[in-house]
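Quick notes on the structure that follows.
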2 protein chains.
Amino acid sequence: MKPIASPDPHLPESCAPSLDLERFLPYRLSVLSERISGAIARLYQERFDLTIPEWRVLAIIGRFGPVTATEVGQRTAMDKVRVSRAIARLVEHGRLAQSEDATDRRRKRLAFTRAGAAIYAEVVPLARAVEADVLASLDPATRSALDAVLTALEAAPLPTAQDRADHSP
Amino acid sequence: MKPIASPDPHLPESCAPSLDLERFLPYRLSVLSERISGAIARLYQERFDLTIPEWRVLAIIGRFGPVTATEVGQRTAMDKVRVSRAIARLVEHGRLAQSEDATDRRRKRLAFTRAGAAIYAEVVPLARAVEADVLASLDPATRSALDAVLTALEAAPLPTAQDRADHSP
DNA sequence: CGAGAATAGTTACAAATGAAACCAATCGCA
DNA sequence: TGCGATTGGTTTCATTTGTAACTATTCTCG
């Protein structure tokens with residue numbers, strides 16, 4: 001792995017100031033998220049055969065009680081297909097029960113089965129513990145800045161395709 | 001969408017303190033990352049037909065010059081399959097040129113073609129601009145805390161499966 | 001009422017991804 | 001040397017995911 005003189009590799013040097021990926025916010029977020037979510041996911045995947053979308057559904061039902069698929073979607077930033085599939089799997093595994101919504105027969109109300117509630121009760125402390133571990137490794141100042149940073153980023157407006165459609169010569 | 005009294009949905013209330021997903025660090029990171037990376041990705045996807053893995057490869061070559069696939073992998077936190085495929089597509093599209101490495105015939109050295117360099121030169125300012133927009137929406141204190149927070153999180157140790165294998169009754 | 005628009009949720013199909021198997025070339029060392 | 005282990009990179013297969021089309025039900029308003 002020895003650096004070799006380049007023959008003529010079309011260097012863009014002059015015009016483009018060469019971006020440093022490791023400092024690039026979206027990249028950092030992506031890697032970080034993949035690392036942390038991935039680690040936790042692997043944890044409850046192995047233990048409970050639970051995927052991330054499934055865990056999110058459980059989390060919503062655990063917090064808000066019986067809900068519809070649409071409501072889950074709104075609260076989890078997942079699209080309806082992903083939600084639908086997570087629910088299907090949870091039902092298959094006997095962790096959720098669907099009941100007809102009397103007032104609207106398109107909807108299905110989702111509630112824990114006993115098994116689902118049991119898993120939820122096991123997963124929550126596990127999740128909390130992992131998060132606590134991560135937070136514990138931050139020094140107090142950083143830890144207290146964390147929430148503000150995330151909240152601010154969450155509120156940040158994002159460019160849409162049109163925004164930057166063409167403002168160039 | 002009217003909340004209805006639950007028949008008997010196995011509420012775990014007592015034992016599990018009901019975790020709030022919206023405050024849960026891994027969830028927040030995941031949604032945030034998806035939102036920001038997604039927005040940017042859509043931007044250069046539409047304009048240049050460039051995927052995120054491809055953009056990462058370009059970024060590494062733009063910064064470090066001709067490299068091998070393995071090196072790209074090390075610098076981008078992507079596994080070799082993903083790197084391999086990104087490179088294959090870039091080569092197909094005439095954006096990268098592969099040349100045999102004289103000292104090790106397994107390796108292929110990757111360099112921009114003229115077209116690749118041109119795209120890189122266009123994408124970098126675009127990426128920078130989007131990042132700048134996001135950062136600009138943070139107040140100075142938060143913005144200055146951002147880097148420290150990310151750096152700390154990146155350094156945080158993560159639980160492996162064994163770590164939490166069994167420390168229970 | 002009743003036809004068309006909207007909504008809840010599922011299905012179908014294509015593209016992205018990851019794990020493991022796989023080739024080929026190189027290294028390590030007896 | 002030369003043979004087994006290692007490394008660079010690709011291919012295969014199963015899983016995941018997203019887009020778009022689809023079904024069924026409810027809403028809207030003439």
Side-chain angles (χ1 to χ4, degrees), chain A residues 1-2 4 30-31 33-35 37-39 41-42 45-46 49-57 60 66-93 96-110 161, chain B residues 1-4 30-31 33-35 37-39 41-42 44-46 49-57 60 66-93 96-110 161:
Chain A
M1 199 168 291
K2 157 194 351 172
I4 302 164
S30 170
V31 172
S33 159
E34 154 60 27
R35 217 172 76 92
S37 290
R42 240 159 284 135
Q45 196 116 28
E46 285 170 14
D49 184 28
L50 208 60
T51 67
I52 290 184
E54 287 176 88
W55 147 243
R56 288 185 184 175
V57 172
I60 293 305
V67 290
T68 67
T70 303
E71 200 173 338
V72 170
Q74 291 162 347
R75 293 188 185 280
T76 56
M78 299 194 292
D79 63 287
K80 42 192 213 156
V81 180
R82 211 151 141 218
V83 171
S84 173
R85 289 198 266 236
I87 290 171
R89 223 176 93 94
L90 286 167
V91 171
E92 268 176 37
H93 286 45
L96 284 189
Q98 294 176 316
S99 60
E100 302 279 323
D101 180 325
T103 78
D104 185 339
R105 274 181 307 181
R106 290 169 305 183
R107 296 186 196 155
K108 298 175 188 170
R109 282 161 35 78
L110 304 161
Chain B
M1 198 169 291
K2 161 193 348 176
I4 302 165
S30 170
V31 172
S33 161
E34 154 61 28
R35 217 172 77 91
S37 290
R42 240 160 282 134
Y44 47 63
Q45 196 117 27
E46 285 168 15
D49 183 27
L50 209 60
T51 66
I52 291 184
E54 287 176 88
W55 147 244
R56 288 186 183 173
V57 173
I60 293 305
V67 291
T68 67
T70 303
E71 200 173 338
V72 169
Q74 291 161 346
R75 293 187 185 280
T76 57
M78 300 194 289
D79 63 288
K80 35 193 220 156
V81 180
R82 210 149 143 221
V83 170
S84 172
R85 290 199 263 238
I87 290 172
R89 222 177 93 95
L90 286 167
V91 170
E92 268 176 35
H93 287 43
L96 284 189
Q98 294 175 318
S99 59
E100 302 280 324
D101 182 323
T103 78
D104 186 339
R105 275 181 305 180
R106 289 169 305 182
R107 296 184 196 157
K108 298 175 187 170
R109 283 163 33 79
L110 304 161

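The basis for the numbers below is simple: all heavy atoms, side chains too, and nothing from hydrogens, waters or symmetry mates. Keep in mind the model is a prediction, meaning the values are calculated, not measured.
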Using whole Å, what does the distance between atom P of nucleotide C:dT26 and atom CZ of B:Arg107 come to?
10 Å
B:Glu100 and B:Arg105: which non-hydrogen atoms are nearest, and at how many Å?
OE1-O, 4.2 Å
Expressed in angstrom and rounded to an integer, what is the separation of A:Leu50 atom CG from D:dT15 atom C1'?
16 Å
Considering all heavy atoms, the nearest A:Ala86-A:Val57 contact:
CB-CG2, 4.0 Å
Is the shortest heavy-atom distance from the side chain of A:Leu90 to the side chain of A:Leu50 under 4.5 Å?
yes
Rounded to whole angstroms, how far apart are CD1 on A:Ile52 and P on D:dT15?
18 Å
Tell me, do B:Asp49 and B:Glu54 make a side-chain contact under 4.5 Å, heavy atoms counted?
no
Quick one: does A:Arg106 reach the base of D:dT26 with a side-chain donor-acceptor pair under 3.5 Å?
no
Given atom CZ of B:Arg42 and atom C1' of C:dA16, what is their separation to the nearest angstrom?
15 Å
Taking the minimum atom-to-atom distance to the side chain of B:Arg105, which one of D:dT10, C:dT26, C:dG9 wins?
C:dT26
Hey, does the side chain of A:Ser84 come within less than 4.0 Å of C:dT11's phosphate (OP1/OP2), counting only N and O?
no
Would you say B:Thr51 and B:Arg85 are linked by a side-chain donor-acceptor pair, where the criterion is simply a distance under 3.5 Å?
no
How many whole angstroms separate atom CE of B:Met78 from atom P of C:dA19?
15 Å
For nucleotides 16-22 of chain D, give me every protein contact, N/O to N/O, under 3.5 Å, one pair per line with atom names.
residue: D:dG18; atom: OP2; partner: A:Asp79; partner atom: OD1; Å: 3.0
residue: D:dG18; atom: N7; partner: A:Arg85; partner atom: NH2; Å: 2.7
residue: D:dG18; atom: O6; partner: A:Arg85; partner atom: NH1; Å: 3.2
residue: D:dG18; atom: O6; partner: A:Arg85; partner atom: NH2; Å: 3.2

Can you check whether A:Val72's main-chain N or O pairs, donor with acceptor, with A:Thr76's side chain at less than 3.5 Å?
yes
Give the rounded distance in Å between these two atoms: CG of B:Asp104 and C1' of C:dC27.
10 Å
Dump the intermediate steps for side-chain contact (heavy atoms from CB on, under 4.5 Å) on B:Ile87 and B:Gln98, then the final yes or no.
CA-CA 9 Å; B:Ile87 290 172; B:Gln98 294 175 318; 3.7 Å; yes
Can you check the A:Glu100 CD to C:dG9 P distance for me, whole Å?
11 Å
Rounded off to whole Å, could you give me the NZ-to-C1' distance for the B:Lys108 and D:dT7 pair?
15 Å
B:Thr70 vs D:dG9: side-chain N/O to OP1/OP2 distance below 4.0 Å:
yes
